[in-house]
Structures are given as structure tokens and as C-alpha cells.
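Heads up, the thing below is written out as C-alpha cells.
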Amino acid sequence: MKLVLEPEQQELRSTVRRFLADRSPSAKVREAMVSDRGYDADLWNRMAGLGVLGLVVPDELGGAGAGHVERSVVLEELGRALTPSPFLASAVLATDALLALDDDAARTELLPRLAAGELVATVAVAEGGAGWDREGGATTATERGGRWEIDGTKTPVLAGDTADLVLVYARTPGGPGWFAVDGDAGGLTRTALTGLDPTRRLARLTFAATPARPLACADPAAALDLVADLAAVALAAEQVGGMQRAMELTVDYAKVRVQFGRLIGSYQAVKHGCADMYSAWEHAVSVVRYATWVADHDRPELPLAAALAQAYVGPAYFATATGMVQYHGGVGYTWEHDAHLYYKRAKSSELLFGSPALHRTRLADRLGV
């Protein structure tokens, strides 16, 4: 196992960083996050042209046939720039779900379109405080007159109000199952939610006899577990990128801000705080490198690696973002400065796929302690 990126992976990082250089974060980011779709559609199309939307999709299905390490590199850069996009929903959750299922027809039909950016998809599993229920939650799928219909509510759903396709995990008389629902399907009501993080689009989806297409899967719950673990690892990669940028901006500010006739970076408390940020970031990078390597090479260990990633990286990013606001002083609390955007992203991401306490419990159960 290597914790250092290969030259090709480092070049991928450089390419994506240059690509996002004018959106890190800037007026473009702020413009995108308040737009109707919540992201820059032109940027999304350019990302598709760059080939990063289908990194883990097999090349015979229109993807790059790369691994989760490569995808994590892209996620780090997206997190570093706080780029509003449906990448986590479409290129991670939906893509991983289709790859985890046994529906060859759906994979052949949908994955090339996801990789090309022609289709934006998401996954609907959570039901408020219930989290990701392996039984499907209170949302039900019923076969009526030869077709399947879904009833219930899923929330929050990443990019749920704008996605072209929703992969729904629901309860059926025979157990849980996966279903594909068109974004404009009858009986589907999509409501955008006002969340803490303005750069991350969330929605509530209400299904009322909504027509759905069942997706073949021998073990839907096992597929859900795999999607959840891969999502936790992917989110941790994004968090590492934001963590790095928050640290860099704080150190740069400490080098130029003068208070009481001295650079604030010369004060021991600030020095120690910045050193703690760097140490936490280095640990977070190692955790993510390990988790992404496991995702590619040692799937039986993935539940442990995913729990470890979220148990450590989420709180570490939030601590770094908190320090960023504190060390920037008064300016760090203003809307015009980017500190509050990193702070809000850090806190919302810390809870997006389960709290750190939940992941610590999973980690302890996995280790038998």
C-alpha cells in the first residue's frame, strides 16, 4: 500500500487544480450557489469534457476505468475550491449504486450518460433523522397493475431538486429494493431545502404513487452498505481538500496581519494553532489515502476504513475551519470573507453521512472493542 500519489495521479491533481483556479472560492462560486440549479452548468459540462465524472466507470461503459484513489484526488480539489456541483451525488453516490447492483441493462444505459455529464443522478435513502435504514425506511414500493409505484418521503437528498434521475431505496413486501425514478415523474414533489452550507444543494423528495423502474439486485442491503462506505470515503477526500485550503489561508493571513505592532504569526498561541492544523491535515491525508486504497484493493476492510475516515476527518476539518474563523478575527465573521463558507461546509459535511459518534461506534464494533 502506498500513501504517496503516483506521478500520473499528481498530474491529475495539478490539472484539476488549474481547471478550478478561478473558482477557489470566488464570485463564480457565490454566483453558482445562489443560482436556480445550485451549480454552474457550463463548469459541469467542462468537467465532463475533462473526463473526471466517470473515473471509476469501466472504460467499456464510457468511463476512464480508473480507481477510487484517482476519484479522491478530484474530490480533494473540489473540496479545496468549495465548488458547488452535483459531483458527490452523481459521480459518487449514483455511479457507485449502479456499479453495486446486478442490473446490466441499467448500467449499460445509464453509466455512459453519467460519465459524459449528459445525465445527473442522485440517490435517495435517508428519511430525516432515521439515517440510511437497511430495511428501506417508511418509504414503500408497491406493484400495482403491472407497474411499480413509490410512496413516502426521502430527505435530505443531495441535488434532489435538480437531478434528472433518482435512485430510490425503498421497502417492498419482499424486502428492500432499488428503484429508478425520473426527475419529472408524476407524483414526485421536489422541494429545495435551506441548509447550513449554501454550496451544497439538498432537497426533500415526496413520492405519491410515483412510477418507478425496479433495478435488479441480489442483495439490496449489501449494495446499500457498499454505497454508504464508498460515500464516506469520498466525502472524507473532499473534506481533506477543504481542510488543506482553510489551513493555507489561515497561515497566509498570520504572516501578514499585524496586531499590537507584531505579526500575529509571531505569537506562540497562533503558531501552535497553525501547527495543530497542519498535523491534523497530515493525519487526515494518511487516513484518506488508506481508505481509498482499501476501496480499490481490499474491499473486506472497507467498512473499517470508511468508519475510520469519517470518525477522524470530519471533526478534524471542523476544528480547522473553526480555527480559520478565530485566527482571522473580525474579518473571519463577515459574509465577504470565505472563512464562513469553509466553516459551514465543514460542519454540514461532518453530519452528512452520519455523525462522528456513529462512525466511532461502527469503528469500535468492527474492531470488537
Side-chain angles (χ1 to χ4, degrees), residues 44 47-48 51-72 74-75 85-126 132 134 136 139 141 148 150 154 157-160 162-170 172 175-185 188 203 205 207 210-235 237 292 295-296 299 302 306 353:
W44 181 252
M47 288 173 64
V52 300
L53 302 187
L55 282 173
V56 300
V57 175
D59 51 10
E60 65 269 20
L61 292 175
H68 293 273
V69 174
E70 286 77 16
R71 188 172 71 178
S72 75
V74 176
L75 282 158
S85 83
F87 191 94
L88 190 59
S90 191
V92 176
L93 290 175
T95 296
D96 289 345
L98 288 169
L99 290 171
L101 302 181
D102 303 309
D103 200 317
D104 291 335
R107 280 200 293 264
T108 301
E109 173 194 351
L110 299 174
L111 285 175
R113 298 179 64 196
L114 290 178
E118 299 171 0
L119 184 74
V120 174
T122 189
V123 167
V125 179
W132 286 33
R134 298 179 84 247
T139 301
W148 285 87
I150 295 181
K154 295 291 188 180
V157 179
L158 285 171
T162 59
D164 305 305
L165 180 73
V166 183
L167 304 182
V168 184
Y169 189 74
T172 78
W178 288 89
F179 298 84
V181 175
D182 291 334
D184 58 357
L188 173 59
L205 303 187
F207 304 87
T210 303
R213 167 187 170 185
L215 298 173
C217 185
D219 192 340
L224 177 69
D225 291 341
L226 177 58
V227 172
D229 288 337
L230 292 175
V233 173
L235 179 62
T292 51
D296 284 331
R299 284 290 174 86
L302 182 59
F353 296 137

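Put simply, the side chain of Glu70 gets close to the backbone of Gly67: a donor and an acceptor are under 3.5 Å apart. Between the side chain of Tyr169 and the main chain of Ala126, no donor-acceptor pair closer than 3.5 Å is present. The main-chain N or O of Val120 is found under 3.5 Å from a side-chain atom of Asp164 such that the two form a donor-acceptor pair. Under the 3.5 Å distance criterion, the side-chain polar atoms of Thr108 are left unmatched by any main-chain donor or acceptor of Leu61.
Shown here for Ala89 and Ala159, the closest heavy-atom pair between the two residues is CB-CB, 4.0 Å. Nearest heavy atoms, Ala223 versus Cys217: CB-SG, 3.9 Å. Heavy-atom minimum distance, Ala212 versus Phe179: CB-CB, 3.9 Å. The two residues Pro176 and Gly136 make their nearest non-hydrogen contact at CB-N, 4.4 Å. Minimum heavy-atom separation, Leu101 to Ala216: CB-O, 3.7 Å. The two residues Ala48 and Leu53 come nearest to each other via the heavy atoms CB-CD1, 3.5 Å.
Applying the salt bridge (charged side-chain N to carboxylate O under 4.0 Å, His left out) rule to Glu118 yields no partners; only residues at least two apart in sequence or on another chain are considered. In this view, Asp96 and Arg71 satisfy the salt bridge (charged side-chain N to carboxylate O under 4.0 Å, His left out) rule, not counting sequence neighbours. With sequence neighbours left out, Arg299 forms a side-chain contact (heavy atoms from CB on, under 4.5 Å) with His68, Leu226, Leu230, Leu302.
With Ile150 as reference, Val181 is the one residue of Thr172, Val181, Val166 to meet the side-chain contact (heavy atoms from CB on, under 4.5 Å) rule. Screening Leu167, Val157, Val123 for a side-chain contact (heavy atoms from CB on, under 4.5 Å) involving Leu93 leaves a single residue, Val123.
Taken from CG in Leu205 to OG1 in Thr122, the straight-line distance is 8.0 Å, to the nearest 0.5 Å. Summarising the geometry, atom CG belonging to Leu188 is positioned 13.0 Å from atom NZ belonging to Lys154; distances are rounded to the nearest 0.5 Å.
In this structure, the side chains of Val57 and Leu114 stay at 4.5 Å or more apart for every pair of heavy atoms. Side-chain contact between Thr292 and Val233: present, with at least one pair of heavy atoms (C-beta onward) separated by less than 4.5 Å. Inter-residue side-chain proximity for Leu165 and Asp182 is flagged as met; some heavy-atom pair is nearer than 4.5 Å. Here the side chains of Trp178 and Leu98 are not in contact, with every heavy-atom distance at 4.5 Å or above. Contact annotation: the side chain of Val92 approaches that of Leu75 to within less than 4.5 Å [non-hydrogen atoms, C-beta and beyond].
Relative orientation of the Trp44 and Phe87 rings is perpendicular, given thresholds of 30° and 60° on the angle between their planes.
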